[in-house]
There are 2 protein chains.
Amino acid sequence: MARTVAERADILPLLGEVFREHGYEGASLAHITARTGLGKGSLYHFFPGGKEEMAAAVLKEIDGWFEANVYAPLRADEDPAAAVRDMLARTDAYFRSGRRVCLVGVFALGEVRDRFGEQVASYFARWREALAAALARAGLPSAEADDRAEEAVLAIQGALVLARALNDPAVFGRALARLGRRLLDGL
Amino acid sequence: MARTVAERADILPLLGEVFREHGYEGASLAHITARTGLGKGSLYHFFPGGKEEMAAAVLKEIDGWFEANVYAPLRADEDPAAAVRDMLARTDAYFRSGRRVCLVGVFALGEVRDRFGEQVASYFARWREALAAALARAGLPSAEADDRAEEAVLAIQGALVLARALNDPAVFGRALARLGRRLLDGL
DNA sequence: CGCCATCTGTACCATTCAGTACATTATTGA
DNA sequence: TCAATAATGTACTGAATGGTACAGATGGCG
């Protein structure tokens with residue numbers, strides 16, 4: 001029979017889109033087969049654990065992307081202020097300027113929070129910590145750095161919720177602009 | 001047969017809890033009957049439109065509560081600064097200091113956003129507008145009032161997401177405290 | 001008492017769900 | 001060329017889904 005897909009990794013972004021749009025419960029195998037173009041046979045060949053393994057793989061991929069493109073630069077960059085600005089730019093790009101929703105946030109609010117609790121918590125905790133570290137290196141007192149970092153992570157999630165609720169992506173852009181002004185204020 | 005419930009309105013809070021915890025898709029009739037103690041017969045007697053009518057009724061009830069307890073005071077109170085502080089206190093109480101999630105936010109992120117888009121958008125838009133009006137009356141320039149109001153509404157949602165993701169309700173308390181300081185800053 | 005609208009449990013329906021089984025096909029490497 | 005393995009489509013399962021039908025029960029009112 002026809003061989004359609006080269007790599008398991010190639011379909012992770014597609015899976016991500018389905019979970020993003022429908023949530024874990026709402027992402028039926030029918031949706032998944034339709035979006036990926038793979039039949040159940042292939043799907044269960046790549047993911048013997050079924051939907052749960054698919055979701056876990058997607059979470060892991062997202063986690064890896066943020067680790068490489070956001071958290072690590074925040075921790076390592078020699079110029080913390082530039083790292084913060086880079087973070088905002090990459091965040092804007094990743095979430096398509098507010099047109100895309102955060103899968104981890106969706107999972108956090110859903111009933112699947114329990115199932116993927118560890119991965120969900122780690123994603124946000126590491127974001128907050130990496131940002132706080134950058135702010136501290138930039139010269140902020142530790143407590144103030146922690147406070148601003150938490151505020152930023154939370155604002156990004158809230159902006160995504162509000163942008164989608166109001167069907168107005170510009171909300172997200174304004175929130176990022178606000179963070180750009182405030183995170184490095186007084187430095 | 002046993003008559004169990006007095007009023008349709010009595011079960012709306014229970015329905016709200018189910019939708020809050022499981023989302024719209026995940027709130028199966030099995031969950032609903034278990035939580036409310038009502039059989040399908042009664043449920044479909046009170047809500048002939050099924051799940052969709054139940055969710056719409058819950059949204060309407062929440063909307064009414066916020067209109068009466070949050071938006072209207074913000075618009076009407078003679079002391080805008082006090083009204084803002086009241087809003088934060090009532091918000092804290094409503095969301096159980098971060099232990100409870102926002103049903104409207106959950107719906108906004110889910111695929112039901114399209115079905116209840118109007119109610120979802122109106123909930124957030126009116127919150128933002130009422131708060132902006134209060135801040136403007138308190139002496140803030142219109143543009144600054146709008147900006148702070150949007151930031152506040154968004155921060156509340158983001159704090160709920162983060163609190164649940166990290167399983168740490170204190171995140172919500174810190175966010176509200178931050179808003180208390182910042183909303184009325186410079187007045 | 002007895003009527004009647006309101007309420008409620010139960011059996012049932014078609015559909016969809018995630019997941020399994022397996023035969024069949026393609027691809028690769030020897 | 002020819003196995004061995006990787007990939008794939010299809011048919012299927014049992015359970016759960018939302019929703020319907022309806023026969024009763026219940027309570028208030030005359």
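A note on names: the letters A, B, ... follow the listed sequences, proteins ahead of strands, and every chain is numbered from 1.
Residue pairs that meet the side chain to side chain donor-acceptor pair (under 3.5 Å) test with at least one member in residues 152-180 of chain B, sequence neighbours left out, are D147(A)-R178(B), E150(A)-R174(B).
The separation between L38(A) atom CG and dT25(C) atom P is 19 Å, rounded to whole Å. Atom pair I32(A):CD1 and dA18(C):P shows a separation of 7 Å (rounding to whole Å applied). For the pair F46(A) CZ and dA18(C) C1', the computed distance is 19 Å after rounding to whole Å. When rounded to the nearest whole Å, the span between CG of L43(A) and P of dA21(C) equals 17 Å. Rounding to whole angstrom units, CZ of residue R8(A) and C1' of dA6(D) are separated by 15 Å.
Residues satisfying the ring-ring contact (aromatic ring centres under 6.0 Å, His included) criterion with H45(B), sequence neighbours excluded, are absent altogether. For D86(A), the salt bridge (charged side-chain N to carboxylate O under 4.0 Å, His left out) criterion is met by no residue, not counting sequence neighbours. Residues that satisfy the salt bridge (charged side-chain N to carboxylate O under 4.0 Å, His left out) test with E17(A), not counting sequence neighbours, are R20(A), R100(A). Every residue meeting the salt bridge (charged side-chain N to carboxylate O under 4.0 Å, His left out) condition with R75(B), not counting sequence neighbours, appears here in chain and number order: E67(B).
Of the side-chain N and O atoms in H45(B), none sit less than 4.0 angstrom from OP1 or OP2 of dT8(C).
Relative ring orientation between Y94(A) and W65(A) is described as tilted, the plane-to-plane angle lying within the 30° to 60° band.
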What N/O pairs connect the protein and nucleotides 17-19 of chain D at under 3.5 Å? Give each pair on its own line.
unit_1  : atom_1 : unit_2 : atom_2 : d
dT17(D) : OP1    : S28(B) : OG     : 3.2
dG18(D) : OP1    : K51(B) : NZ     : 3.1
dG18(D) : OP2    : L29(B) : N      : 2.7
dG19(D) : OP2    : Y44(B) : OH     : 2.7
dG19(D) : OP2    : K51(B) : N      : 3.2
dG19(D) : O5'    : Y44(B) : OH     : 3.1
dG19(D) : N7     : K40(B) : NZ     : 3.0
dG19(D) : O6     : K40(B) : NZ     : 2.1

